[in-house]
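All residue numbers refer to positions in the sequence shown, counting from 1.
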Amino acid sequence: MTTTPAPVLRTAYQKSVAEYWNNEKDPVNLRLGDVDGLYHHHYGLGDYDPAVLEGPAETRDARIVEELHRLESAQADVLLDHLGPIAADQRLLDAGCGRGGTSIMANARFGCQVDGLSISRSQVDFANEQARKRGVDDKVRYHFGNMLGTGLPTGAFQGIWNNESTMYVDLHELFAEHARQLTYGGRYVTITGCSNDVTGLRSKAVSRIDEHYTCNIHPRSAYFKAMAANGLVPINVVDLTAATIPYWELRAQSSLATGVEDPFLTAYKEGSFHYLLIAADRI
């Protein structure tokens, strides 16, 4: 069973988000992806090697770029770890796929079909070209679509994830659509930044992050309320805040710094903002 999707861009806000990502050519995404052809749109996890800050000055930035990319690919691996066992004949959905790096990693790990979805036509075109270059376009396909109403089949997916894309949508609408698409017993995983329910809404640093990305950061509790309302039962909740701080500290020392590094570090360290992984099963 499939549903008939509404127009992809349904509101003025969605059109503005699509325009932002259609025009986005931030070196912090593109130069990192150039390292090995895996283009991500998320942050990193783990300690960085301090040796990248040493050595010849003329190659210092290149060393930092490679290390930042290692950390962001490590983040994608952590997300994929939480999908559980996936068979080659099963199907995965990367909702809000960006330029598609995690989808390609999922296919390489599991050998299964992966569908990616973005409201940015330029991201979808870019990602499909990367899949073609790698020779996996028979298994990894990216679609111009809206994650709140995809038109993709009901119950067809063993796993679905959002990697830092939930702050652009209503969580109840999102989880209702994910629950429709997941097979019973299927797994949903998100890694996301969320605000502290008590202090986050008063944080100037969190507000600056929202403004920078034209997004709407949700409070932590909103995820669990929306999941419970849509048949998604959390089985793992991991606070990754401490593990992502080194990424931001290294990025602040690179030529790729965009000015949002300080708000992230301030928000994480003051406790108003959390970097959270939630894995939930469809019941």
Looking only at atom types and distance, does a side-chain atom of N216 sit under 3.5 Å from a main-chain N or O of M167, one as donor and one as acceptor? no
Taking atom types as modelled and ignoring hydrogens, do the side chains of Q158 and T183 form a donor-acceptor contact shorter than 3.5 angstrom? no
Under 3.5 Å, is there a donor on one side chain and an acceptor on the other for N22 and E24? no
Just by modelled atom types, is the A279 backbone N or O under 3.5 Å from a matching donor or acceptor in the N236 side chain? no
Working note: W161 + H82, criterion ring-ring contact (aromatic ring centres under 6.0 Å, His included); need CA distance, chi angles, decisive distance, verdict. CA-CA 10 Å; W161 71 85; H82 283 80; over 10 Å; no
From T150 OG1 over to L93 CG, what is the distance, rounded to the nearest 0.5 angstrom? 7.0 Å
Would you say R121 has more than 12 foreign heavy atoms packed within less than 6.0 Å of its CZ? no
Does E129 have more than 12 heavy atoms from other residues, nucleotides or ligands lying within 6.0 Å of its CD? yes
Please determine whether a side-chain nitrogen of the Lys or Arg among R109 and D77 lies less than 4.0 Å from a carboxylate oxygen of the Asp or Glu. yes
Can you check whether G44's main-chain N or O pairs, donor with acceptor, with T244's side chain at less than 3.5 Å? yes
Regarding H69 and D36, is there a side-chain donor-to-acceptor distance under 3.5 Å anywhere? yes
Roughly how far, to the nearest 0.5 Å, is CD1 of I86 from CG of L92? 5.0 Å
Quick check for you: to the nearest 0.5 Å, what is the distance between T102 atom OG1 and Q75 atom CD? 7.0 Å
Group every Ile, Leu, Val, Met, Phe, Trp and Tyr by side-chain heavy-atom contacts under 4.5 Å, then state whether Y39 and L79 land in the same group. no
Under a 3.5 Å distance rule, please check whether N196 uses its side chain to pair with a backbone N or O of F273 as donor and acceptor. no
Would you call E66 and R63 a salt bridge, taking side-chain N to carboxylate O under 4.0 Å as the test? no
What residue pairs, at least two apart or across chains, pass salt bridge (charged side-chain N to carboxylate O under 4.0 Å, His left out) with a residue in residues 264-283? R187-D281, E249-K269
May I ask you to say whether E211 pairs ionically with R208, meaning some side-chain N is under 4.0 Å from a carboxylate O? no
Between S118 and S120, do the side chains contain a donor N or O and an acceptor N or O under 3.5 Å apart? no
Parallel, tilted or perpendicular: which describes the rings of Y223 and H218, with under 30° parallel and over 60° perpendicular? perpendicular
Could you pull out the closest heavy-atom pair between N230 and H172, with the gap in Å? ND2-O, 3.6 Å
Closest heavy-atom contact between E261 and L256? OE2-O, 4.3 Å
Closest approach of R70 to D47 (non-hydrogen atoms, all atoms of both residues): NH2-O, 3.2 Å
What I want to find out is whether R31 reaches D61 closely enough, with some N-O distance under 4.0 Å, to be called a salt bridge. yes
Quick check against the 3.5 Å criterion: does S203 have a side-chain atom that pairs as donor or acceptor with the backbone of A205? yes
Would you call the rings of Y247 and Y43 parallel, tilted or perpendicular, taking 30° and 60° as the class edges? tilted
Assess the pair F175 and Y188: is the distance between their ring centroids shorter than 6.0 Å? yes
Shortest non-hydrogen separation from C215 to I209 and the atoms involved: SG-O, 4.3 Å
Counting only N and O atoms by type, is there a donor-acceptor contact under 3.5 Å from the side chain of R10 to the main-chain atoms of P7? yes
Contacts of S103 that satisfy side chain to side chain donor-acceptor pair (under 3.5 Å) - sequence neighbours left out: D94
